[in-house]
Amino acid sequence: MNSIKLVFLIAMFFSASAHANLEEARIAYKKYEYGVAARLVEKDVSTEDPEILHMVARAYWEGLDFPKDRSKAINIYKIAATKGYAKSLLNLSQAYGDGDGIEKNEILAKEYLKKALDLYLKEANNGDADAQDIIGRSYLYGKGVIKNTAKAIEWLEKSANNDSASGQYARGIRYLTGNEVTKNTSKGIELITKSANQGFRHAQFALGNEYYNGINVEKDFTKSFSFFYEAAIKHLPDAQYNLGLLHINGRGTPIDIARGFTWILKAANNGFALAQHAMGDAVKDGFYFDKNE
């Protein structure tokens, strides 16, 4: 084999390998496993692929299975933003708007939001379901655009019909509550279930609550436990807290106080106030833990 062919084959191998890693990272990212996704692609950050940059930045931002460093996340988001990556632009807008990880700056927050929405609107008009969901929610809450409920519902409907999990959830919640649309609980549960089946953690949490309370569906603690678990392993703190309570009270699962407090502690460490309060009470009263006022 001559050297030219050898070099070509090596290049092809590395290209295929990098592509495989990116596909694995995308799967992990959708499961909210940001640290896993980042580790799969972080060696390729030097390529300055904006999708890879965004994945690594998100891992630093969330600090899930990855060292939390919001300042570093901001810097990486900025590189991806200069390449026109809408998700990074949107996250930068939120960071500047909240003053989270960087000094608060409403002007920059609005600039980044406008750039992001301009890109998302193009993608939405081209049929991208997730972009349609973002545009719909922007009109719904008047974020970056003039609030327009009719346009919001139109875009959210398109998003849901195009199988966006986020869009299905947003539309389903509105059918349940009757906000902005005629109330239709069966349609709401149907859409939220579709979203949950796609792995959308907020939909899974919502169904956990529905089956626990038995308001719009028949009460079923086993199903409630299952949906809370799916959302909890995706690092949703309120689901982690509820799952912990189910373990402690033996609803949908045998009583397991140790496992219950393991989940409540995860939620507390993720900043969930009710979980922090519960941990404080448990330690103060000496429930399961040594009493320590």
Side-chain angles (χ1 to χ4, degrees), residues 22 25-26 29-30 32 34 37-38 41 45 47-64 69-171 173-174 180 195 198 200-202:
L22 183 55
R26 285 171 178 157
Y29 188 87
K30 286 182 179 179
Y32 305 90
Y34 300 126
V41 295
V45 166
T47 65
E48 295 199 352
D49 180 315
E51 183 181 13
I52 290 173
L53 289 165
H54 182 82
M55 286 182 182
V56 174
R58 187 69 184 270
Y60 278 118
W61 183 268
E62 299 290 346
L64 298 173
D69 188 334
R70 294 208 158 169
S71 177
K72 196 167 191 174
I74 291 285
N75 289 335
I76 300 173
Y77 278 142
K78 285 181 177 179
I79 299 171
T82 61
K83 296 178 178 296
Y85 198 67
K87 289 180 180 178
S88 292
L89 286 162
L90 199 60
N91 285 11
L92 280 173
S93 172
Q94 186 171 347
Y96 275 112
D98 296 338
D100 193 355
I102 199 165
E103 187 177 350
K104 189 169 184 175
N105 188 320
E106 293 289 350
I107 294 173
L108 282 176
K110 288 177 181 178
E111 285 181 8
Y112 279 120
L113 180 59
K114 184 182 184 306
K115 288 177 182 178
L117 291 182
D118 285 346
L119 290 169
Y120 276 123
L121 184 58
K122 288 179 183 178
E123 293 172 10
N125 283 322
N126 287 332
D128 185 278
D130 290 331
Q132 290 167 342
D133 169 57
I134 288 168
I135 294 298
R137 285 188 284 120
S138 297
Y139 277 116
L140 192 64
Y141 301 115
K143 293 287 187 180
V145 294
I146 297 172
K147 187 174 180 177
N148 187 318
T149 302
K151 280 189 176 182
I153 296 303
E154 179 185 344
W155 280 113
L156 289 174
E157 188 75 26
K158 287 180 180 179
S159 174
N161 290 340
N162 285 336
D163 287 332
S164 162
S166 179
Q168 289 166 340
Y169 169 73
R171 197 79 172 105
I173 288 294
R174 272 148 193 84
E180 298 100 19
S195 175
Q198 291 198 64
F200 193 61
R201 61 182 180 173
H202 296 290

Yes or no on side chain to side chain contact (heavy atoms under 4.5 Å, CB included) for L92 and K78, after CA distance, side-chain angles and deciding distance?
CA-CA 7 Å; L92 280 173; K78 285 181 177 179; 4.0 Å; yes

When rounded to the nearest 0.5 Å, the distance separating CD1 of I102 from CD1 of I74 is 5.0 Å

NZ of K147 to OH of Y141, rounded to nearest 0.5 Å, is 9.0 Å

By side-chain contact (heavy atoms from CB on, under 4.5 Å), N161 pairs with (sequence neighbours left out) E157

Validation: residues 121-136 side-chain donor-acceptor distances under 3.5 Å, sequence neighbours left out:
{"residue": "N125", "atom": "ND2", "partner": "L121", "partner atom": "O", "Å": "3.2"}
{"residue": "N126", "atom": "ND2", "partner": "K122", "partner atom": "O", "Å": "3.2"}
{"residue": "D128", "atom": "OD1", "partner": "D130", "partner atom": "N", "Å": "3.2"}
{"residue": "D128", "atom": "OD1", "partner": "A131", "partner atom": "N", "Å": "2.8"}
{"residue": "D130", "atom": "OD1", "partner": "S164", "partner atom": "OG", "Å": "3.0"}
{"residue": "Q132", "atom": "OE1", "partner": "N162", "partner atom": "ND2", "Å": "2.8"}
{"residue": "Q132", "atom": "NE2", "partner": "A124", "partner atom": "O", "Å": "3.2"}
{"residue": "D133", "atom": "OD1", "partner": "R137", "partner atom": "NE", "Å": "3.3"}
{"residue": "D133", "atom": "OD2", "partner": "R137", "partner atom": "NE", "Å": "3.1"}
{"residue": "D133", "atom": "OD2", "partner": "R137", "partner atom": "NH2", "Å": "2.9"}
{"residue": "D133", "atom": "OD2", "partner": "S166", "partner atom": "OG", "Å": "2.6"}

Contacts of E154 meeting side-chain contact (heavy atoms from CB on, under 4.5 Å) (sequence neighbours excluded), chain-then-number -> K158

Residues passing the side-chain contact (heavy atoms from CB on, under 4.5 Å) test with L140, sequence neighbours excluded, are A152, L156, R174, E180

**Prompt:** Parallel, tilted or perpendicular: which describes the rings of Y96 and Y112, with under 30° parallel and over 60° perpendicular?
**Reply:** parallel

For the residue pair E51 and K87, establish whether any side-chain heavy-atom pair is separated by less than 4.5 Å. no

Does the side chain of Y29 come within less than 4.5 Å of H54's, by heavy atoms? yes

Applying salt bridge (charged side-chain N to carboxylate O under 4.0 Å, His left out) to E103 and not counting sequence neighbours gives none

- Begin with the C-alpha distance, continue with both residues' side-chain angles, and end with the deciding distance and a verdict on side chain to side chain contact (heavy atoms under 4.5 Å, CB included) for I79 and N75. CA-CA 7 Å; I79 299 171; N75 289 335; 6.0 Å; no

On a heavy-atom basis, the closest approach of L117 and K143 is CD1-O, 3.4 Å

In short, A165 meets S195 closest at the heavy-atom pair O-OG, 2.7 Å

On a heavy-atom basis, the closest approach of S88 and A80 is OG-CB, 3.3 Å

Closest non-hydrogen contact found for A160 with R171 is CB-CB, 4.2 Å

Value for NZ (K110) from OG (S93), rounded to nearest 0.5 Å, stands at 10.5 Å

So, the side chain of E62 versus the backbone of Y32: is there a donor-acceptor pair under 3.5 Å, distance only?
no

Q: Apply side chain to side chain contact (heavy atoms under 4.5 Å, CB included) to the pair Y60 and R70, showing each step before the final yes or no.
A: CA-CA 6 Å; Y60 278 118; R70 294 208 158 169; over 6 Å; no

Taken to the nearest 0.5 Å, the spacing of L53 CG from K83 NZ works out to 7.5 Å

Sorted by chain and residue number, the salt bridge (charged side-chain N to carboxylate O under 4.0 Å, His left out) partners of D118 (sequence neighbours excluded) come out as K114

dist Y77:OH -> L90:CG (nearest 0.5 Å) comes out at 10.0 Å

On a heavy-atom basis, the closest approach of A25 and A37 is O-CB, 3.4 Å

Tightest non-hydrogen contact, residues I52 and V41, listed as CG2-O, 3.6 Å

**Q.** Evaluation steps, side chain to side chain contact (heavy atoms under 4.5 Å, CB included), between W61 and I76
**A.** CA-CA 10 Å; W61 183 268; I76 300 173; over 6 Å; no

